[in-house]
Participant: 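Here's a structure for you.
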Amino acid sequence: MKPYTKRSYDLLHEGVLALAQIEAVGMRVDEAYLAKAIHRTERRINRLQTTIKKTDVARIWKKTFRAKTNLNSNEQLGKILFGVMKYPSTLTTPSGRFKTDGEALSGVDHPFVQDWLRLQTLQKALSTYLKGLVREMKDGYIHPFFHLHTTQTYRSSSDKINFHNQPVRDPKLMRLIRTAFIPREGRQLVEVDYSGLEVTISACYHKDPRMIEYICDPTKDMHRDMAMECYRLPQAEVTKPVRYCGKNMFVFPQFYGDWYIDCARSLWEAIDKMKLQTTSGLPLKAHLAQVGIHSLGRLDPKERPQPGTLEAHIQQVEQRFWKKKFPTYARWKKSWYEAYRQKGWFKTLTGFICQGYMKKNEVINYPVQGSAFHCLLWALIELVKHELKRRRMKTLVVGQIHDSLVADVPVGELEDYLKLAYHVMVTRLMQHWKWICVPLNIEAEVSPPGMSWADVKPMEIPK
DNA sequence: AAACAGTGCGCG
DNA sequence: AAAGCGCGCACTGTTT
């Protein structure tokens, strides 16, 4: 079978040309800042390494591995902490080694671990991000590549540098790296992204009425509601970080096919890691104890979760989520997967055909992920190849991150650009693809003139 | 020296 | 019965 349709081929063809134009334009980098940031980060790494080498863990490490000692080795760290020092280990890698990622190490109560993890973060900042920028920079500009031929899902990918994974969630790391990205003279950086794009696009497939209500009614908030259920809180006691956990440790994982055991684990671990409290200031574990949840539970799939554990509670939340709240979505998952099992392929709303061996979760997720990106891609093509040109605007689109566009905008063009972005990304796109039956929306973040990507602040989009 | 598998981590 | 999806990059440790 031909793995594409004419309209899907045309989208990629036009998309490749538009993305090539963006690559050629490139994004400006603050060379002086970059040099300073590298120097500073190298010094911090050296200091931290000195501290770490003086600890008892490092002594045991050297005694064990002798000449082969490598304080950067995850495999060696696992053997020292869990093998030699006998800290309890619950998680192993697929090949049977001790897992030593942040989650696995959060169970080890030793100051060495915090320092070691901070060192890892700084080293990644230095080698992947700061030095990556230096390597790819030419005359003060970088030209990240954007590909449409590398992915399973018909999303895009980016490399040299990877523009898609620049730090943003950790505020310190965000500032260290994004300060290096700056606008050209007399301009400001503007990032416009779709709000909840994948949720909206998934609704175009399954058409679950309650999900559509959540998307359309601005007074409703699915992530807040699920945070309330997961931690058994009344609405007024849900703080921003608690809502964040409801969203990223329950709702999205559930959409992508996760299950209650892993959700319960991350919801529980987040309480200490993020020092979660209620609005009134009660630590969340104390609150949970008040409502009868005293421990996480054994998280053993072979056992029935014990009453009074978070595991048992989240299992119930999961059942309500799919059986009571979003039954139409649940039925769509089932029938979509069944259809794939019959035919061996499926077609996305944007006309792409996915075929070959896929797992259930892949069959469910690919169409949403791909089609969501195609919304951005269509808007990007219209902006770059047609609208900006036709209006003789000087705005330059400099990058794309799955559901967002980064542009370098002359100060005087800001208002026009924001209006145009809304016109293309929302109004015209919904006219173009009639299958988008749930309203789209966008949000903007803008840096003050001459300031960096680290300095962007939310801004209303003028209508 | 180059290639490869495995691991971890940054983003949506 | 099986139990998050998609990427790119750096690094370790082994094999070719």
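Throughout, protein chains are lettered first and strands after them, A, B, ... in sequence-line order, and every chain is numbered starting at 1. As the structure is a prediction and not an experimental result, all values here were calculated from the model.
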Participant: Looking at every strand, decide which applies to A:Gln76 at a 4.0 Å heavy-atom threshold: base, sugar-phosphate, or nothing.
Facilitator: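 Result for A:Gln76 = sugar-phosphate.
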
Participant: Using whole Å, what does the distance between atom P of nucleotide C:dG6 and atom CZ of A:Phe252 come to?
Facilitator: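 Value for this atom pair: 17 Å.
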
Participant: Reckon A:Ser73 has a side-chain N or O less than 4.0 Å from the OP1 or OP2 of C:dG13?
Facilitator: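 Answer is yes, contact under 4.0 Å.
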
Participant: NA contact type, A:Asp193, heavy-atom cut-off 4.0 Å: base, sugar-phosphate, or nothing?
Facilitator: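 No contact.
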
Participant: So which heavy atom on A:Ile314 is nearest to which on A:Cys263, and how close?
Facilitator: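 That would be CG2-CB, 4.1 Å.
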
Participant: I'd like to know whether the aromatic ring centres of A:Phe82 and A:Tyr87 sit less than 6.0 Å apart in this structure.
Facilitator: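 Here the rings of A:Tyr87 and A:Phe82 have centres that are no less than 6.0 Å from each other.
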
Participant: Across nucleotides 5-12 of chain B, 5' to 3', mark each nucleotide with B, S or - according to how protein heavy atoms within less than 4.0 Å reach it.
Facilitator: -SSBBBBB

Participant: Rounding to an integer number of Å, can you tell me how far A:Asn365 CG sits from C:dA3 C1'?
Facilitator: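 Those two atoms, CG and C1', are 12 Å apart.
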
Participant: Looking across every strand, which nucleic acid part, if any, lies under 4.0 Å from A:Ser156 by heavy atom: base, sugar-phosphate, or nothing?
Facilitator: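 No contact.
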
Participant: Look at A:Tyr366 and C:dC5 and indicate whether a side-chain polar atom (N or O) is within less than 4.0 Å of OP1 or OP2.
Facilitator: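 No.
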
Participant: Is it the case that the side chain of A:Thr92 and the backbone of A:Gly96 share a donor-acceptor pair, with hydrogens and angles ignored and the cut-off at 3.5 Å?
Facilitator: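 Here the side-chain-to-backbone pair does not exist.
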
Participant: Determine the interatomic distance between P on B:dT7 and the same-named atom on C:dG4; round to the nearest Å.
Facilitator: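 Going atom to atom, P in each nucleotide, I get 16 Å.
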
Participant: Could you check which nucleotide pairs with C:dG4 in any of the strands shown, counting Watson-Crick or G-U wobble with both distances under 3.5 Å?
Facilitator: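 Result: none.
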
Participant: Could you list the residues that satisfy ring pair (Phe, Tyr, Trp, His ring centres under 6.0 Å) with A:His164, not counting sequence neighbours?
Facilitator: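 Per chain and number, A:His164 pairs via ring pair (Phe, Tyr, Trp, His ring centres under 6.0 Å) with A:Phe146, A:His402.
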
Participant: Where do A:Val192 and A:Ile442 come nearest, in terms of heavy atoms and distance?
Facilitator: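 Distance-wise, the nearest heavy atoms are CG1-CD1, 3.7 Å.
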
Participant: At less than 4.0 Å, is any side-chain N or O atom of A:Arg135 found next to OP1 or OP2 of C:dA10? Yes or no.
Facilitator: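 Affirmative; the distance criterion is met.
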
Participant: Check the distance between C:dC5's C1' and A:Lys333's NZ and give it to me in whole angstrom.
Facilitator: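 It is 11 Å, rounded to the nearest whole Å.
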
Participant: Just the rounded figure in Å: distance from P of C:dG4 to CG of A:Asn248.
Facilitator: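 Those two atoms, CG and P, are 17 Å apart.
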
Participant: Could you tell me how far apart A:Glu362 (CD) and C:dG6 (C1') are, to the nearest whole angstrom?
Facilitator: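 Between C1' of C:dG6 and CD of A:Glu362: 10 Å.
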
Participant: Send over the distance from A:Tyr260 OH to C:dA2 C1', rounded to a whole Å.
Facilitator: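 Taking OH of A:Tyr260 and C1' of C:dA2, I get 12 Å after rounding.
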
Participant: Determine the minimum heavy-atom distance between A:Met274 and A:Cys245, stating which atoms define it.
Facilitator: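 Minimum heavy-atom separation between A:Met274 and A:Cys245: SD-SG, 3.7 Å.
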
Participant: Which nucleotide in the list C:dC5, C:dC11, C:dG6 gets nearest to the side chain of A:Lys359?
Facilitator: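 Out of C:dC5, C:dC11, C:dG6, the nucleotide with an atom closest to A:Lys359's side chain is C:dC5.
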
Participant: Just N and O in the side chain of A:Ser157: are any of them under 4.0 Å from OP1 or OP2 of C:dG8?
Facilitator: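 True: A:Ser157 side-chain N/O within range (under 4.0 Å) of C:dG8 OP1/OP2.
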
Participant: Using whole Å, report how far CZ of A:Phe255 lies from P of C:dA3.
Facilitator: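 It works out to 21 Å between those atoms.
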
Participant: Flag the pair A:Arg331 and A:Asp208 as a salt bridge only when some basic side-chain nitrogen lies within less than 4.0 angstrom of an acidic carboxylate oxygen.
Facilitator: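 Judged by the 4.0 Å cut-off on N to carboxylate O distance, A:Arg331 and A:Asp208 do not form a salt bridge.
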
Participant: Let me confirm one number: the CD-CH2 distance from A:Gln49 to A:Trp116, rounded to the nearest 0.5 Å.
Facilitator: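 Reported to 0.5 Å precision, the distance equals 12.0 Å.
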
Participant: So A:Gln123, base contact, sugar-phosphate only, or nothing? Heavy-atom distance under 4.0 Å.
Facilitator: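 If one applies the 4.0 Å heavy-atom cut-off, A:Gln123 turns out to touch nothing in the nucleic acid.
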
Participant: Measure from CD1 on A:Ile364 to C1' on C:dG6 and round the result to the nearest Å.
Facilitator: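 Distance, rounded to whole Å: 15 Å.
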
